[in-house]
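Taking it in order: structure first as structure tokens, then the write-up.
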Amino acid sequence: RYDLMNDVMSIGAHRLWKRYAIYLSGVRAGHHVLDVAGGTGDMAMLLARKVGTSGSVTICDINQDMLKHGRDRLIDAGILEGIEFVQGNAECLPFGRNHFDCVTIAFGLRNVTDKTAALASMYDKLKYGGRIMILEFSSVVIPVLREFYDAYSFRLIPWFGKIIAGDKASYQYLVESIRMHPAQDRLAAMLESAGFCMVDYLNLSGGIVAIHRGYKI
């Protein structure tokens, strides 16, 4: 029920956030893209349409079950050409240096233990001129919205997890992990420390999520 929970929690907005992130990525036909923590296949489906048959999308996830789930979804959607599935750790990605035109990670960086190591590994795997796109829950910047969002997160999301997914604890963790994730400015500074240039970010939905972007030059 993972996908259903995403739709319920975000009222379907996560689909728009992902589409917009890929729009901003500049990915085009012939590009080779690495989607980290992309086991569900959501981003890969959208990216595959951008890179076409001359490009490729590599999905890397530490969780074998998530990779299987994503592979099944892509097969059902008729998308498999140019797609590769690799089980690996974001902190030490199992790929050659300077290989990808773009690295994406959507709602996955929050769960990485050593974010500094993960950002350094993603930087290493990018070609010069390539870019990283991070889509992640962030810090709400509108005070009134923050109060509503906090109440919604702590009171309703774990309850949704219990009723819909039969797993209250995981969604309690989700809410708590969002609050522990670096805020926009701090994550931007971490990207710069990892070597990325021209780092910027864009708040979506009042900062409920943010898109961070940086380049390897």
As a quick check of understanding, evaluate side-chain contact (heavy atoms from CB on, under 4.5 Å) for Thr104 and Val27, giving each step before the final call.
CA-CA 10 Å; Thr104 63; Val27 168; 5.6 Å; no
What distance do [X] atom [atom1] and [Y] atom [atom2] have between them, rounded to the nearest 0.5 Å?
X      : Y      : atom1 : atom2 : result
Leu119 : Ile134 : CG    : CD1   : 5.5 Å
Glu84  : Thr58  : CD    : OG1   : 4.5 Å
Leu47  : Ile79  : CG    : CD1   : 10.5 Å
His181 : Ser139 : NE2   : OG    : 8.5 Å
Gln64  : Gln87  : CD    : CD    : 5.0 Å
Tyr123 : Ser193 : OH    : OG    : 12.0 Å

Are the side chains of [Y] and [X] in contact, using a 4.5 Å heavy-atom criterion?
X      : Y      : value
Glu91  : Ser121 : no
Lys216 : Asn98  : yes
Cys102 : Met133 : yes
Leu202 : Leu204 : yes
Val57  : Lys50  : no
Met180 : Arg110 : no
Phe148 : Val144 : no
Tyr201 : Leu191 : no

Does the pair Lys68/Asp72 count as a salt bridge with the N-to-O cut at 4.0 Å?
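Looking at Asp72 together with Lys68, the answer is yes, because their closest N to O distance falls below 4.0 Å.
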Please determine if Arg28 and Asp101 form a salt bridge, counting it only when a charged side-chain N lies under 4.0 Å from a carboxylate O.
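No.
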Is the distance between the ring centroids of Phe196 and Tyr215 under 6.0 Å?
no
Give a yes or no on whether [X] and [Y] share a hydrophobic cluster (residues Ile, Leu, Val, Met, Phe, Trp, Tyr; joining criterion: side-chain heavy atoms under 4.5 Å apart).
X      : Y      : value
Leu187 : Leu24  : no
Tyr20  : Val33  : no
Met43  : Leu80  : yes
Ile211 : Ile105 : no
Val36  : Phe85  : no

May I ask you to check if Lys125 and Phe95 form a cation-pi contact, with NZ or CZ under 6.0 angstrom from the six-membered ring centre and within 45° of the axis?
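No, Lys125 and Phe95 do not form such a contact.
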Other residues, nucleotides, ligands: >12 heavy atoms within 6.0 Å of [X] [atom1]:
X      : atom1 : value
Tyr23  : OH    : no
Arg19  : CZ    : no
Lys115 : NZ    : yes
Arg71  : CZ    : no
Lys168 : NZ    : no
Met198 : CE    : yes

Is [X] reaching over with its side chain to a backbone N or O of [Y], donor-acceptor style, under 3.5 angstrom?
X      : Y      : result
Asn203 : Gly206 : no
Arg213 : Ser25  : no
Glu136 : Gly108 : yes
Ser54  : Gly30  : yes

By the definition side chain to side chain donor-acceptor pair (under 3.5 Å), identify the one residue from His32, Glu81, His31 that meets it with Ser56.
His32
Stepwise salt bridge (Lys or Arg N to Asp or Glu O under 4.0 Å) test for Arg15 and Asp42
CA-CA 8 Å; Arg15 299 177 183 273; Asp42 277 3; 5.7 Å; no
Please check if any side-chain donor atom of Arg179 sits under 3.5 Å from a side-chain acceptor atom of Ser153, or the reverse.
yes
Side chains of Tyr173 and Asp167: is there a donor and an acceptor less than 3.5 Å apart?
no
Measure across [X] and [Y] and return the closest heavy-atom pair with its distance rounded to 0.1 Å.
X      : Y      : value
Cys197 : Ile217 : CB-CD1, 4.0 Å
Gly39  : Ile59  : N-CG2, 3.9 Å
Ala44  : Leu74  : CB-CD1, 4.3 Å
Ser138 : Gln184 : OG-CD, 2.9 Å
Glu192 : Val199 : CG-CG2, 3.7 Å
Val103 : Met122 : CG1-SD, 3.7 Å

Report the C-alpha distance between Leu93 and Val86 in whole Å, list the side-chain angles of each, state the deciding distance to 0.1 Å, and finish with yes or no for side-chain contact (heavy atoms from CB on, under 4.5 Å).
CA-CA 10 Å; Leu93 293 164; Val86 177; over 6 Å; no
Let's go through Tyr149 and Ile178 carefully: what are the C-alpha distance in whole Å and the side-chain angles of both, what is the deciding distance for side-chain contact (heavy atoms from CB on, under 4.5 Å) to 0.1 Å, and is it a yes or a no?
CA-CA 12 Å; Tyr149 180 60; Ile178 291 171; 3.9 Å; yes
Take Leu174 and Phe137 through the test side-chain contact (heavy atoms from CB on, under 4.5 Å) and record every step on the way to the result.
CA-CA 10 Å; Leu174 168 67; Phe137 291 110; 4.3 Å; yes
How are the rings of Trp17 and Phe107 set to each other: parallel, tilted or perpendicular (split at 30° and 60°)?
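Tilted.
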